[in-house]
Amino acid sequence: MAQAMTAALDHVLAIDPAAVLLGEDVGLSGGVFRVTDGLQAKHGVERVIDTPVAESGIVGAAFGMAVAGLHPVAEIQFLGFAYPAFDQVVSHVSRIRNRSQHRFTAPLVIRIPYGAGIGAAEHHSESTEALFAHTPGLKVVIPSTPADAAGLLITAVADPDPVVFLEPIRSYRRVRGEVAEPPTSVPFGEAAVRRPGTDLTLISYGAMMPDVLDAADQLAAEGVEAEVIDLRTLVPLDLETVLESVSGTGRVVIVQEGHRTCGFAAELAASIQEHALYSLEAPVARVTGWDTVVPLRRAEHQYVPSVARIMAAAQAAMAGV
Amino acid sequence: MAQAMTAALDHVLAIDPAAVLLGEDVGLSGGVFRVTDGLQAKHGVERVIDTPVAESGIVGAAFGMAVAGLHPVAEIQFLGFAYPAFDQVVSHVSRIRNRSQHRFTAPLVIRIPYGAGIGAAEHHSESTEALFAHTPGLKVVIPSTPADAAGLLITAVADPDPVVFLEPIRSYRRVRGEVAEPPTSVPFGEAAVRRPGTDLTLISYGAMMPDVLDAADQLAAEGVEAEVIDLRTLVPLDLETVLESVSGTGRVVIVQEGHRTCGFAAELAASIQEHALYSLEAPVARVTGWDTVVPLRRAEHQYVPSVARIMAAAQAAMAGV
Amino acid sequence: MLEILQPDGSLAGEAPFSVDETKRLYAAMVSARTYDTKGTALQKQGRLATYASFEGQEAAQVGGVSALRADDWVVATYRDAAAMWMQGYPWANLFLGRTGDERGGSPPEGVNVLPPSITVGAHMIHAVGLAWGENHLGRDRVAMTFFGDGATSEGDFHEAMNFAGVFHTPVVFLCQNNQYAISTPRHRQTASETIAQKADAYGMPGLQVDGNDLFAVGAAAAEAVTRARAGGGPTLIEAVTFRVGPHTTADDPGRYRDESEEVEWRQRDPIDRVRRYLEAAGEWTAEWNAQLEAAASAEIEVAIGQAEALEPLGPGEIFDAMFETKTPQLDRQRGILMGGPDE
Amino acid sequence: MLEILQPDGSLAGEAPFSVDETKRLYAAMVSARTYDTKGTALQKQGRLATYASFEGQEAAQVGGVSALRADDWVVATYRDAAAMWMQGYPWANLFLGRTGDERGGSPPEGVNVLPPSITVGAHMIHAVGLAWGENHLGRDRVAMTFFGDGATSEGDFHEAMNFAGVFHTPVVFLCQNNQYAISTPRHRQTASETIAQKADAYGMPGLQVDGNDLFAVGAAAAEAVTRARAGGGPTLIEAVTFRVGPHTTADDPGRYRDESEEVEWRQRDPIDRVRRYLEAAGEWTAEWNAQLEAAASAEIEVAIGQAEALEPLGPGEIFDAMFETKTPQLDRQRGILMGGPDE
Ligand SMILES: Cc1ncc(C[n+]2csc(CCOP(=O)(O)OP(=O)(O)O)c2C)c(N)n1
Ligand SMILES: Cc1ncc(C[n+]2csc(CCOP(=O)(O)OP(=O)(O)O)c2C)c(N)n1
Ligand SMILES: [Mg+2]
Ligand SMILES: [Mg+2]
């Protein structure tokens with residue numbers, strides 16, 4: 001997936017003269033995950049910019065650049081280091097269109113690796129996408145495949161509004177797949193049905209998708225055909241595809257790595273029962289990370305939803321409890 | 001309510017030598033809402049501390065003080081100005097107990113006025129309590145009455161863990177009521193049933209409570225007896241009281257001023273259907289603020305849930321839609 | 001501290017402006033004062049939300065912007081109406097914002113002034129990004145950002161200054177040190193002797209000027225803008241001034257400072273000073289002044305009229321500027337507000 | 001820049017330590033280097049997560065902490081194991097943390113050292129709060145905080161320095177300017193000529209010292225700690241040093257710097273320098289050194305053994321330290337993890 005993103009960024013820099021990348025170590029060293037590898041050498045230090053260690057400065061400067069007419073792609077090294085920039089994101093980036101009633105806009109992308117599963121240090125394993133989804137004025141994108149990562153990134157840079165682009169760390173190297181050259185753009189607000197099914201709806205996104213698909217395979221072996229939906233963008237949300245599936249299955253399991261309370265699964269569960277209560281054959285189940293700090297390497301497996309936990313929830317849903 | 005809080009802080013400063021207050025303008029001028037009025041004159045500049053304009057500094061310093069053994073009560077002037085301190089709250093305040101496995105703790109309180117309804121300037125009307133509820137390791141308290149404001153504040157200062165204490169701005173002067181002297185502490189994790197009822201459960205907290213109670217009165221006039229629950233603390237959450245009520249009524253309307261997506265109402269709705277799907281006679285309804293920036297004075301009324309909107313949702317719930 | 005125009009109207013250095021320019025800037029300060037006085041009055045009548053007076057800070061704002069080209073950027077705060085207006089932001093927009101209407105934040109095309117920043121500190125880095133972006137796009141525009149002494153304590157001030165230093169962006173940081181951040185006096189805001197000297201920590205020039213001296217501010221700003229435009233990088237200017245009025249109409253300065261301070265600073269009024277200078281040069285008459293005041297008053301009344309004539313955002317319009325195109329979620333929410341079922 | 005002990009082991013000023021003290025600190029540096037070497041090796045074997053070497057920075061850390069009393073606070077980063085250990089944080093805890101185990105963050109009672117800060121910048125204000133709190137509680141403890149050149153760009157550095165200046169808290173800010181923040185060289189981090197001069201912006205003394213010189217760091221730290229304890233307020237010390245190894249074991253310095261830089265800085269190795277000094281004084285022998293190394297190695301192997309002997313947190317224990325008492329929500333979640341129904 002990382003390579004697909006590099007190709008997408010390369011493409012964007014080539015076709016959009018207003019595009020610039022900035023962030024800590026994105027240039028000379030190619031970024032902590034090498035997503036921007038080689039791009040400074042190819043496109044120059046004016047367009048691939050190494051910044052001081054200052055996340056609020058990175059986002060705030062990118063905001064100003066965007067208002068001036070550039071299409072900045074800012075990188076924050078890990079989601080756990082995005083919080084120093086939170087005020088810029090919430091109070092400025094997400095609002096300038098509204099506070100100026102379309103007069104000024106901030107078409108910037110904030111790329112942020114997120115999620116656990118590589119045994120990293122503290123603050124390197126967060127999945128707090130809900131914080132951005134709760135913030136009006138942001139689009140929130142989380143790809144799960146290389147083609148989507150590239151295609152959604154191209155859409156993000158071209159989008160007239162600010163986009164928080166969350167990249168699943170554990171998929172960077174592990175998830176592979178074909179990507180067109182140049183990558184084809186993927187629209188926002190269209191969930192992908194990754195697997196058709198009639199018995200149960202499994203909904204997830206980003207880093208959890210491989211495990212969700214594994215669980216679906218195992219369920220199939222048990223005779224349960226799960227429809228698997230990959231949301232791809234949390235804002236805008238393709239609730240239609242979700243509701244269509246639920247109207248057929250009546251049973252739903254939502255899988256999310258983030259903390260449980262007020263996570264995105266809560267939003268989905270609330271929305272599903274709002275619209276489809278009478279088709280539900282079982283409670284909408286949430287399989288989530290806990291309301292704990294993400295544990296470090298030795299206990300990380302206790303936190304991230306496992307295939308076993310997804311299976312247990314699916315079986316409970318099939319049993320109607 | 002503001003006066004009750006002043007009395008509670010005065011009491012805390014008197015009985016707890018480790019308590020200190022700090023924040024912008026809390027001393028000489030008594031705070032933007034006069035909640036700390038007179039306390040510096042009475043308890044001294046060492047205990048009621050005016051700080052520079054730097055929210056991250058305020059919270060970070062309070063954190064250090066708490067680890068050293070003090071019980072700091074930090075004030076942020078408005079919830080919209082808490083974001084510069086977000087990293088301190090999320091990455092440090094909420095975590096030190098876990099990252100040190102109980103060896104170090106941060107028993108501090110962060111007081112933050114929140115909510116719309118006084119026609120204030122931009123960034124002065126936020127209700128993003130969900131951001132804190134989503135953050136593991138924080139207790140989140142939102143009083144709706146003077147007695148609770150005082151009583152919960154006393155509990156907060158004595159609590160061994162960090163507490164985010166959100167104070168409803170529009171209730172400061174408008175909501176009045178008896179407060180014992182000295183104020184009686186109110187425990188965390190115990191919702192208050194403000195009105196008994198058997199037909200419908202109305203759940204809310206903080207600034208929305210007066211309107212929710214109004215709606216309940218109007219519903220009663222229409223022959224619908226609503227049970228009204230005031231959560232008082234979002235973390236810990238008294239789900240038991242909620243579920244008990246729902247098992248009786250089968251119909252629920254949750255009222256929350258915050259943005260809709262991933263708000264606390266989403267969490268509650270998701271939890272209620274998880275535990276009580278088969279007692280539901282209608283979808284759990286959410287009456288919320290929108291996924292927009294809180295509008296300014298002239299259009300603010302379009303944002304904050306109105307009694308009419310609460311009534312409409314209640315009537316729909318009674319009709320089972 | 002750079003001082004050129006003395007309180008008595010005499011010069012202690014070279015005037016940076018011709019007499020005609022000086023008269024034009026004097027007129028601007030008179031307009032600004034008129035706006036300010038009306039702003040406070042309107043708020044008292046309940047026609048504005050809160051209002052933040054900048055009385056006494058006219059020279060700092062007008063002098064600062066005097067150095068800009070029409071297409072340069074201004075990124076300022078709730079207290080910088082004079083600076084914003086000087087750069088083309090209409091009085092009507094400023095009033096409109098103060099009534100509590102988002103459309104106040106939308107100046108005409110071509111006016112490169114962001115809506116006033118209400119959060120303290122975050123906007124300075126926006127000026128850095130704007131200047132950087134313009135530079136990148138091959139334009140020689142400069143950005144000037146206004147902020148207070150209190151704002152220098154925020155982390156974002158530091159990051160903005162540091163980025164400007166490292167990337168050598170064409171920005172002018174203009175700090176109006178008006179001695180207070182709400183109730184907090186300057187000496188409790190930072191232990192630094194001056195604010196100007198903070199520039200040193202970022203490898204940029206810092207200059208302290210008498211902020212009530214139109215000529216000193218104008219000269220310093222011109223030097224900084226010229227340097228920035230020529231690729232010489234950023235500058236920090238500390239304009240030492242005083243907020244004569246309350247923090248906002250919701251504030252009571254009696255709680256935290258002695259009235260004598262205000263009385264003392266009124267002696268150094270920035271407008272009076274230019275008046276004395278022009279008068280000594282035979283270029284000021286009471287009639288001319290009355291004309292200026294009358295013209296300003298009329299123009300500002302028109303602006304108030306425009307602002308108040310605008311109907312509030314209509315039902316559901318609060319959803320219209322969240323994105324270029326509304327998401328399905330916002331569409332649905334708009335539907336609920338407009339009276340549809342709560343679904 | 002303060003320099004006392006020259007690379008050749010000769011003195012350019014007065015030694016702040018007696019020979020015995022010097023030998024003790026030399027031994028500490030040898031221990032630190034031993035730990036560091038083993039850390040990198042263990043990571044290569046997959047027994048640690050990432051590891052951040054501090055090779056070349058031993059004098060800055062050991063010299064800094066040499067000035068502290070046992071009950072003073074140290075608030076440091078992922079690269080400051082030597083400083084933390086000097087102040088009582090066990091090697092076993094440091095290793096444990098690096099294996100990815102929260103219990104690494106829990107030093108014994110009485111050790112006033114916070115777990116290492118992984119986020120860059122946020123921890124310096126904690127030192128300010130600790131020092132302030134201790135002061136408030138009537139204790140004369142000092143807090144020393146360690147951070148890098150990169151950390152000075154974060155807004156929190158600014159707020160911490162400013163609070164320390166305004167409230168005159170007994171804190172020592174010790175910046176190890178090791179020339180790089182991951183791939184970013186010092187001159188792209190800030191346009192300030194030195195980091196020490198940033199102190200001026202906060203009304204506190206700033207001192208640049210040769211960070212590879214145990215005596216210079218020790219002398220500067222002693223002066224700063226003495227002043228802080230006596231009520232004289234905070235100090236910023238810039239210890240100019242170099243990160244000889246990679247940023248962490250996940251980093252490849254070849255991408256962003258020339259190896260010649262490393263070679264050059266190895267010449268200025270802080271341990272060698274003290275060795276030469278002691279040798280010249282007839283106080284160093286190869287046997288003594290071998291003994292030190294052997295003792296350090298043995299001690300550190302014990303620590304590794306302790307860390308690795310500890311079973312990982314058991315099922316459900318990840319919920320146990322979120323609060324003093326688990327909330328009902330955490331109890332329920334724990335139940336799910338332990339195999340109960342997913343509700
Ligand atoms: C981030 C943030 N914190 C706090 C506030 C509340 N506040 C509004 S103005 C102000 C004082 C600012 O002082 P200064 O920068 O000196 O500007 P002045 O008001 O004197 O022009 C404060 C604390 C805010 N608007 N934003
Ligand atoms: C807030 C934050 N942003 C980014 C990072 C990623 N990161 C880890 S170390 C580092 C460089 C820090 O450089 P410096 O302060 O000079 O310390 P050094 O590593 O050289 O000791 C960065 C950017 C982080 N840990 N925290
Ligand atoms: Mg001020
Ligand atoms: Mg460094």
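Keep in mind that the numbers below use all heavy atoms, side chains included, and drop hydrogens, waters and symmetry copies. Predicted model, so just to flag it, every value in this text is computed and none were measured.
Contact of Pro253(C) with chain B is not made at all, since no heavy-atom distance falls under 4.5 Å. When heavy atoms are compared at a cutoff of 4.5 Å, Leu48(C) approaches chain B solely by way of its backbone atoms N, CA, C and O. At a 4.5 Å heavy-atom cutoff, the contact between His124(B) and chain C is made by side-chain atoms alone. With a 4.5 Å cut-off on non-hydrogen atoms, Gln40(B) does not touch chain C at all. Only the side chain of Arg103(C) comes within contact range of chain B, judged by heavy atoms closer than 4.5 Å. Of the atoms belonging to Ser29(B), heavy atoms from both backbone and side chain fall under 4.5 Å from chain C. At a 4.5 Å heavy-atom cutoff, Ser306(B) makes no contact with chain C through either its backbone or its side chain.
If you take CG on Leu337(C) and OH on Tyr303(B), they are separated by 12.0 Å, rounding to the nearest 0.5 Å. Expressed to the nearest 0.5 Å, how far OG of Ser117(C) lies from CD of Glu122(B) amounts to 8.5 Å.
Gln302(B) places a side-chain N or O within 3.5 Å of a backbone atom of Gly314(C) that can act as its donor or acceptor partner. Of the possible donor and acceptor atoms, one in the side chain of Gln189(C) sits under 3.5 Å from a partner among the backbone N and O of Val53(B).
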Set out, in order, the CA-CA distance, both residues' side-chain angles and the distance that settles side chain to side chain contact (heavy atoms under 4.5 Å, CB included) for Val120(C) and Phe81(B), then state yes or no. CA-CA 9 Å; Val120(C) 170; Phe81(B) 309 145; over 6 Å; no

Glu154(C) vs Glu55(B), test: side chain to side chain contact (heavy atoms under 4.5 Å, CB included). Steps then yes/no. CA-CA 8 Å; Glu154(C) 291 279 4; Glu55(B) 290 74 17; 2.6 Å; yes

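Taking both residues in full, the closest heavy atoms of Arg297(B) and Thr99(C) are given as NH1-O, 2.9 Å, listed atom of the first, atom of the second, then distance. For the residue pair Arg298(B) and Glu311(C), the shortest heavy atom distance occurs at NH2-C, 4.1 Å.
Within 6.0 Å of atom CD in Glu46(B), 12 or fewer heavy atoms from other residues, nucleotides or ligands are found, so the atom counts as exposed in its surroundings. Enclosure of atom CD in Glu317(C) by more than 12 non-hydrogen atoms of other residues, nucleotides or ligands within 6.0 angstrom is indicated.
Side-chain contact check for Asp50(B) and Thr184(C): no donor-acceptor pair (N or O, by modelled atom type) lies under 3.5 Å.
With chain B as partner, the option from Leu313(C), Thr248(C), Thr327(C), Ile182(C) having the largest number of non-hydrogen pairs under 4.5 angstrom is Ile182(C).
A salt bridge does not link Arg334(C) to Asp291(B): none of the charged nitrogens lies less than 4.0 Å from a carboxylate oxygen.
Side-chain contact check for Arg255(C) versus Asp25(B): every heavy-atom pair is 4.5 Å or farther apart. Between Arg188(C) and Pro52(B) the shortest side-chain heavy-atom distance does not fall below 4.5 Å.
Taking 4.5 Å as the heavy-atom cut-off, the residues of residues 318-325 of chain C that approach chain B are Ile318(C), Phe319(C), Met322(C), ordered by number.
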